[in-house]
Amino acid sequence: MAGDHYYMGEALYQARLSLDAGEVPVGAILVGEDGKILAHAHNFPISLQDPTAHAEILALRQAAEILGNYRLSGTTLYVTMEPCLMCTGALIYARIKRLVFGCPDPKAGACVSLYRIPSDPRLNHRLEVTDGVREAECRELLQRFFQEKRKNNQGAFAAPI
């Protein structure tokens, strides 16, 4: 079975698709217990004009439809940037077993940076979190995107990291 490094490479591929589409370059891959990729997605909130169209949410929707169940127990989500509050909440409700992410998001991260939602004992589900997998590559994509946006828009966009 492939490891974290491999699956994050697949998430990075998705993030590059986001970058090519003019979206914030975040990619996600949902993997089953057997190591099979169940879903893959990248950010689409700008193109879809949908504030919930984050890579994580789109991957969860795709997998739930394929499996015919909103509970995705035993799965692992690989995402290039630390999930926000919305996405982390969705991971909890979907009963994701494990989250692996690349770079932290000190401005909106809900797993280790601003909040620690996955380990909050008040919730009825907790998920295991592994961070820093291929962190430099994930961060570089985001930085490149926001540097380009600032250059083209005289600072209208601020980088999340």
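Everything numeric here is computed off the predicted structure, so don't read it as measured data.
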Point to revise | Option passing side-chain contact (heavy atoms from CB on, under 4.5 Å) with L91 (candidates T75, L77, V79) | key: L77
Revision key, fill the gap. Interatomic distance, NE2@H54 vs CG@L60, rounded to 0.5 Å, equals 12.5 Å
Check your understanding: Out of curiosity, does L48 fall in the hydrophobic cluster containing F145 (side-chain heavy atoms, cut-off under 4.5 Å, transitive links)?
Key -> no
Check your understanding: Thinking salt bridges, do R144 and E140 make one under a 4.0 Å N-O criterion?
Key -> yes
Check your understanding: So does R139 pair up with D105, basic N to acidic O under 4.0 Å?
Key -> no
**Study point:** Nearest non-hydrogen partners of C138 and G102, listed with the distance
**Key:** SG-CA, 3.8 Å
Exercise for review: Begin from the C-alpha positions of N152 and Q147 and carry the test side chain to side chain contact (heavy atoms under 4.5 Å, CB included) through to its verdict.
Suggested key: CA-CA 9 Å; N152 293 336; Q147 285 168 356; over 6 Å; no
Study note, to complete from the structure: Distance col, row C87:SG vs F101:CZ, nearest 0.5 angstrom, shows 13.0 Å
Study note, to complete from the structure: To the nearest 0.5 Å, atom CG of L38 lies from atom CG of L67 at 5.5 Å
**Study point:** Joint hydrophobic cluster, L72 plus L58, side-chain heavy atoms closer than 4.5 Å
**Key:** no
Review point. Can K36 and D34 be counted as an ion pair, charged N to O under 4.0 angstrom?
Key: no
Study note, to complete from the structure: d(F44 CZ, E23 CD) to nearest 0.5 Å is 6.0 Å
Point to revise | Minimal non-hydrogen separation, S47 against A21, with atom names | key: OG-O, 4.4 Å
Check your understanding: So how far is it from Y78 OH to M8 CE, rounded to the nearest 0.5 Å?
Key -> 8.0 Å
**Study point:** Working for side chain to side chain contact (heavy atoms under 4.5 Å, CB included), residues D131 and C111
**Key:** CA-CA 9 Å; D131 63 324; C111 299; over 6 Å; no
Review point. So, for R122 and D120, which heavy atoms are closest and what is the spacing to 0.1 Å?
Key: NH2-OD2, 2.6 Å
**Study point:** Step-by-step side chain to side chain contact (heavy atoms under 4.5 Å, CB included) determination, R61 to T52
**Key:** CA-CA 11 Å; R61 288 178 184 161; T52 69; 3.0 Å; yes
Revision key, fill the gap. CG (L127) and OG1 (T130) are apart, to the nearest 0.5 Å, by 10.0 Å
Review point. Do you know the tightest heavy-atom contact between I96 and H125?
Key: O-NE2, 2.8 Å
Check your understanding: Which heavy atom in I29 sits nearest to a heavy atom in A11, and how many Å separate them?
Key -> CG1-N, 3.4 Å
Exercise for review: Taking all heavy atoms of L19 and all of P25, pick out the closest pair and write down the distance.
Suggested key: CB-CB, 3.9 Å
Practice item. Would you confirm whether T80, through its side chain, and A15, through its main-chain N or O, come within 3.5 Å as a donor-acceptor pair? Key: no
